[in-house]
Number of protein chains: 2
Amino acid sequence: MNKFLSLKEEKQVTIINAALGCFGKYGYAKASVNDIAVLAGISKASVFQYFGSKKQLYAYLLTYAGDIIMSSFRQADFDEKTDLFDRILLSSLTEAKTLEKNPYISQFILSAWTETSDEVRDILTEFKNETGKFRNHLILRKDDVSKFKNPNDAETVLQILMLMAEGYAAHCRNDEKTMYSSLTDDFQKMIAAMRRNFYKEEYLL
Amino acid sequence: MNKFLSLKEEKQVTIINAALGCFGKYGYAKASVNDIAVLAGISKASVFQYFGSKKQLYAYLLTYAGDIIMSSFRQADFDEKTDLFDRILLSSLTEAKTLEKNPYISQFILSAWTETSDEVRDILTEFKNETGKFRNHLILRKDDVSKFKNPNDAETVLQILMLMAEGYAAHCRNDEKTMYSSLTDDFQKMIAAMRRNFYKEEYLL
DNA sequence: AGTCTCTTGACCGAATCGGTTATTTGTGCT
DNA sequence: AGCACAAATAACCGATTCGGTCAAGAGACT
């Protein structure tokens, strides 16, 4: 296990991304160690040399991805931003920035939540307990509602925003070549347009 | 091949859904005939009895899914509906209705568009040519733009709507138990709120 | 040259792959 | 009941791939 950590970082990243991509795309059972090795450009034997077994590799990826996600959420504290649109924007931006650095993490974590293989059930339940609490940052607050021209729109807008975020993530996952930066620009423009049209005049800027 | 068509329809649906689900989830190479047979509750030998080979089964599913998608789009002619929001709403509703009847089709078709296996490359290019033309129903028209309070918002709103549709589809795919009808209600509500806030007063209702 | 670390091609038995065949099972007919 | 026929499958095929091992090679340093 410590064999892997003494590799040069660039190689580590290549291997990790290959593994995240394979597990994320196929799930634990269908992703073979050979797939990962070929995609990473190394031999299958090396993978076992670095991680010991397929399950140990998967466990390593779980803690690796979990740490990145959790720390990225921790550094942006959502309590500071009081406005609904600011919160969703900040949330999306941090998620996009994290995704840009390591594009295979979201796919991997998404698949981990629906993973059913018996062989990794134990380590998955542990993982889910640790990371499950990080989903509470988008609740609608009382002081958000009053800013809307029509307060009934508040909840609807929140649904729109969450759908957009989901579609945004799906979009990023499918088109590998799209630039994240330009996409986030567009996303910011959409958020701005929504705020401009839904909020009362007095709350604009 | 005609062996399969003489089965009782319920059994056909079970088998088709199992196959669509497996191919959609794993892709052609990683989805095994045994997976499909087990999921459908029949023996692997029967699958070969019905379809001849794995590739023939995949080809059958392609035409099956293609026919359903295309006919569902044909029956709702988008040229009639001249308003942008009406068009996106109608498009989403027909898609949702089709998806409700056969929940595994969208996943399957989505995976077919990113399928890379050599063994089915020939039939896939054929399929893509046939169905590719059915994606043109969401272009922004000149008479749409003038209805906006701020015409510059038109393109932004279109992006929002497409992101929503993508997130909507992703959402339906992940949560199998969510009711489509209630979700489409919410979706309708979101569309209505968008129109109400972005359009000039004169174009409301 | 020697030695030490890292990497890998070749290999292992077991499992699974797509596909076939022979046997069982179910069903209608008399 | 017994028979005949069709539908479904258990058992099997050779080939490939699985997770995992190991000894031989490729460099780097002394």
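Bear in mind that the values here come from a model prediction, so they are computed numbers and not experimental data.
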Visitor: From NZ of B:Lys44 over to P of C:dT21, roughly how many Å is that when rounded to an integer?
Guide: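 About 14 Å, once rounded to whole Å.
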Visitor: Let me know, please, whether B:Ile42 or A:Ala31 comes out on the 5' side of the other along DNA chain D by nearest nucleotide.
Guide: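 First, find each residue's nearest nucleotide; the 5'-ward one identifies B:Ile42.
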Visitor: Report yes if a side-chain nitrogen or oxygen of B:Tyr50 is closer than 4.0 Å to either non-bridging phosphate oxygen (OP1 or OP2) of D:dA7; otherwise report no.
Guide: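 Looking at the OP1 and OP2 atoms of D:dA7, neither is under 4.0 Å from any side-chain N or O of B:Tyr50.
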Visitor: Answer with base, sugar-phosphate or nothing: what part of the nucleic acid does B:Lys11 contact at a heavy-atom distance below 4.0 Å?
Guide: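 Counting heavy atoms under 4.0 Å across all strands, the contact made by B:Lys11 is with sugar-phosphate only.
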Visitor: Applying ring-ring contact (aromatic ring centres under 6.0 Å, His included) between A:Phe4 and each of A:Phe51, A:Tyr64, A:Phe48, report the one that passes.
Guide: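 By the ring-ring contact (aromatic ring centres under 6.0 Å, His included) criterion, A:Phe4 pairs with just one of A:Phe51, A:Tyr64, A:Phe48: A:Phe51.
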Visitor: Donor-acceptor pair, distance only, cut-off 3.5 Å: does the side chain of B:Gln12 make one with the backbone of B:Leu5?
Guide: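 Pair found, side chain donor or acceptor close to backbone of B:Leu5.
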Visitor: Once you apply a heavy-atom cut-off of 4.0 Å, does B:Ser32 come out as touching a base, just sugar-phosphate, or nothing?
Guide: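 The answer is sugar-phosphate, as B:Ser32 gets under 4.0 Å only of primed atoms, P, OP1 or OP2.
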Visitor: Just how far, in rounded Å, is C1' of C:dT25 from CD of B:Gln49?
Guide: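 About 15 Å, once rounded to whole Å.
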Visitor: Looking at A:Lys189 and B:Thr156, would you say the former's side chain and the latter's main chain have a donor-acceptor pair under 3.5 Å?
Guide: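 The answer is no, because no donor-acceptor pair under 3.5 Å joins these two groups.
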Visitor: Expressed as a whole number of angstroms, how long is the span from B:Gln12:CD to D:dA7:C1'?
Guide: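 Interatomic distance, CD of B:Gln12 to C1' of D:dA7: 15 Å.
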Visitor: Do A:Asp35 and A:Lys25 sit within salt-bridge range, that is, some charged N less than 4.0 Å from a carboxylate O?
Guide: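 The answer is no: the pair does not qualify as a salt bridge.
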Visitor: Could you check which of C:dC17, D:dG20, C:dG18 has an atom nearest any side-chain atom of A:Lys54?
Guide: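 Between C:dC17, D:dG20, C:dG18, the one nearest the side chain of A:Lys54 would be D:dG20.
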Visitor: Go nucleotide by nucleotide along DNA chain C from the 5' end; which of B:Asp35 and B:Ala45 gets its closest nucleotide reached first?
Guide: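 Its nucleotide being nearer the 5' end, the pick is B:Asp35.
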Visitor: Rounded off to whole Å, could you give me the CZ-to-P distance for the A:Phe48 and C:dT7 pair?
Guide: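 About 16 Å, once rounded to whole Å.
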Visitor: Let me know the distance between NZ of B:Lys8 and C1' of D:dA7, rounded to the nearest Å.
Guide: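 Result: 13 Å.
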Visitor: Measure from the side chain of B:Lys30, starting at C-beta and using heavy atoms only, and say which of D:dC18, C:dC17, D:dA8 lies closest.
Guide: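 Of the candidates, D:dC18 comes closest.
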Visitor: Can you measure B:Ile15 atom CD1 to D:dA7 atom C1' for me and round it to whole angstrom units?
Guide: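 Going from CD1 in B:Ile15 over to C1' in D:dA7 covers 12 Å.
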Visitor: Phosphate oxygens OP1/OP2 of D:dA8: is one of them under 4.0 Å from a side-chain N or O of B:Ser43?
Guide: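 It does not, given that no N or O in the side chain of B:Ser43 lies less than 4.0 Å from OP1 or OP2 of D:dA8.
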Visitor: Of the nucleotides C:dG19, D:dC18, D:dG19, which has the atom closest to the A:Val33 side chain?
Guide: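 For the A:Val33 side chain, the nearest candidate turns out to be D:dG19.
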Visitor: Is the terminal nitrogen or CZ of B:Lys54 (NZ for Lys, CZ for Arg) located under 6.0 angstrom from the six-membered ring centre of B:Tyr28 and within 45° of that ring's axis?
Guide: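 Geometry flag: set, cation within 6.0 Å and 45°.
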Visitor: If I take atom OH in residue A:Tyr26 and atom C1' in nucleotide D:dT17, what distance separates them, rounded to the nearest angstrom?
Guide: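 Distance, rounded to whole Å: 15 Å.
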Visitor: Could you check how far CG of A:Asn34 sits from C1' of C:dC17, rounded to whole Å?
Guide: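 Going from A:Asn34 (CG) to C:dC17 (C1'), I get 15 Å.
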